[in-house]
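Atoms within each ligand, like the ligands themselves, are counted from 1 in listed order.
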Amino acid sequence: MDRIHELLLHPFVFPVVISLFLLWSITKWLRKPVEKTNLPPSPPKLPILIGNLLPGGRLSLPHQNLYSLAQKHGPLLLLQLGPIPMLVVSSADAAREIMRTHDLNFANRASFKVQKKLLYNGKNVSLAPYGEYWRQVKRIVVLQLLSNKRVQSFRSIREEETSILMNKIREHRGRPLNLTDLFSQFTNYVICKSAFGGQYNHESENSKKFLVLLDEFSDLLGTVTIGDFVPWLSWISRVNGFDKKVDRFVKRMDDFLEGVIRDRLETIEDDKNIGDNFLDILLGIYTDNTPDISIDRDSIKAILLDIFSAGVETTSTAIEWAMAELLRHPTIMEILQNEVREIIKDKNDITDDDLEKMQYLKAVIKETLRCHPPIPLLVPKITAKDVKIKGYDVSAGTLVITNVWAIGRDPLSWDKPEKFEPHRFLNSSIDFKGLDFELIPFGAGRRSCPGIAFSNAAIEFVIANLVHKFNWELPDGVEGKDLDMAERSGVTVRKNIPLLATAT
Ligand code: HEM
């Protein structure tokens, strides 16, 4: 969705899209459909649709816009993006029908030119078309890279990075800290070390270089070109130099990753610590030649980039929103602190067994992901065949967007949805693992997130430590209720203003 809004906001592309859209809509309007279909409700077309997509510049937060549209027109909404029909799903019921009953029909992804270039022609997991290749790489990611056992084996990395984070906070005790930056560094290094090994630490020039490349990578990943929607206009991104810019970046990133792989292949044979990072595991599969499972070098690079782009910002954003809500609700912060301090007492280290006992901590995290899903619009899917959803006809080739942010605010699923109230989860079995469709921040079905255990282990551990070791307040005597909770646009939606707080 973010790609779509970047497309529309591009100064050169915008007028062309709008003209095409008008032309297409007029033609379609004049040529009324011949066969009788029961289409999901749409906002009145032309020019109101344009108005609906652009009210007061709020296009930058499309999940909020689509939420307002769904409140007017219902939980299944059909929009037109030029020639492409787009279905917006905003209720748990409709999401269940799509991702459980008809999951196979919705297992494919939309494919955009820039993403394909950046991710080795779709050799990553998250954008690979549904099929044998995707099945194989998803299996590798689920069973080998992100299994519960593997996540446990990364415990020392979480401990090390949490201890670095706590020391930084200690050094600045009594002074305001930019928690947003600190949480980003934390997840960057947790994933860097899990991916490449412990030598990719804060001092390593290679990890600094990689993190700079990753920033640029994330920016480009959120871009579409007009040629994605109107193929005969593909020349525009050639003429305005955008294609060249992407090609140059792809080469720089590839040179870097090739260097990492080359260096590792040279040392791996003599190394006794093989296998406890993503790169070593993938190189093991690459060099092993087991007949039922094989990947090439491009797959290794694409999978590594996928894990960084899918895992870093999402996890740090979840920690940021959780701390923001705790600062906004001092009573909830106090209940959580009491729970954590009661369980840990004066021990210094928090173990996995301790975390298991922290039911209120788990409730705070669920409530955070309900109110602030880091990816409010699930990664778009494409329907393979015509299908009926909730009695409506949805045609093959429809782009499907699930608005998890709207589902988390649906009064049919939640009592007082506007309130941040972790208690609602204490006597409830609702979880975010993809079985309870009112809470699906990680998606559901075949294309759901394989990183739940990895991110949850990091989120729980950091928050427990933050509230165990420090008391927190907002700088300059700002009261919790006045904390600015506005969102910033992006594929991952974080706080608009960085979160500043003072540890005492
Ligand atoms: C709070 C943290 C995270 C959130 C909220 C999150 C959310 C999501 C969502 C919404 C999807 C798309 C699901 C769908 O289309 O139905 C997804 C897919 C994915 N996520 Fe995550 N994610 C998180 C952390 C991670 C981490 C830590 C990793 C890896 C280390 C990861 C790897 C992936 C991959 C590879 C996919 C693609 C799956 C596929 O297409 O088959 N995620 N995630």
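Results of the side-chain contact (heavy atoms from CB on, under 4.5 Å) test with L326 over T368, I335, I463, L466 single out I463 as the only residue that passes. Each of E325, E367, R494, K495 was scored for a side chain to side chain donor-acceptor pair (under 3.5 Å) with H372, with one residue passing: E325.
Within the listing of ligand 1, atoms 27 (C) sit less than 4.0 angstrom from a heavy atom of F454. The K381 neighbourhood of ligand 1 comprises atoms 14 (C), 15 (O), 16 (O), with distances under 4.0 Å to a heavy atom of that residue. Against a heavy-atom cut-off of under 4.0 Å, L378 is close to the following atoms of ligand 1: 10 (C), 16 (O).
At least one side-chain heavy atom of N456 sits under 4.5 Å from a side-chain heavy atom of E460.
Checking only distances, K138 does come within under 3.5 Å of ligand 1, N or O to N or O. Here's the thing with D306: none of its N/O atoms is less than 3.5 angstrom from an N/O atom of ligand 1. Residue contacts with ligand 1: T315 is placed with no nitrogen or oxygen under 3.5 Å of a nitrogen or oxygen of the ligand (distance criterion only).
A salt bridge links D296 with K123: the closest approach of a Lys/Arg side-chain nitrogen to an acidic carboxylate oxygen falls below 4.0 angstrom. Salt-bridge check for R96 with D93: passed, with a basic side-chain N closer than 4.0 Å to an acidic carboxylate O.
Here the heavy atom of the protein found nearest to atom 12 (C) of ligand 1 is V379 CG2, 3.6 Å. With respect to atom 29 (C) of ligand 1, the closest heavy atom belonging to the protein is L146 CD1, 3.8 Å. Shortest contact from atom 13 (C) of ligand 1 to any protein heavy atom: R447 O, 3.3 Å.
Aromatic rings from F196 and F278 are positioned such that their centres are separated by 6.0 Å or more. When ring centroids are compared, W414 and F425 come within the 6.0 Å threshold. The aromatic ring centroids of F210 and F308 lie less than 6.0 Å from each other.
With a 4.0 Å heavy-atom cut-off, ligand 1 is reached by no atom of L127.
Ligand 1 lies nowhere less than 4.0 angstrom from a heavy atom belonging to V141.
Counting only N and O atoms by type, the side chains of Y67 and Q71 include a donor and acceptor under 3.5 Å apart.
Here the protein contributes C449 SG as N, O or S atoms under 2.8 Å from atom 21 (Fe) of ligand 1.
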Output side-chain donor-acceptor pairs under 3.5 Å for residues 124-131, partner residues at least two apart or in another chain, one line each.
unit_1, atom_1, unit_2, atom_2, d
N124, ND2, S126, OG, 3.3
N124, ND2, D306, OD1, 3.2
S126, OG, D306, OD1, 2.7
S126, OG, D306, OD2, 3.4
Y130, OH, R135, NH1, 3.1
Y130, OH, R446, NE, 3.4

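Taking only non-hydrogen atoms, the option from P376, P441, S448 nearest to atom 7 (C) of ligand 1 is P441.
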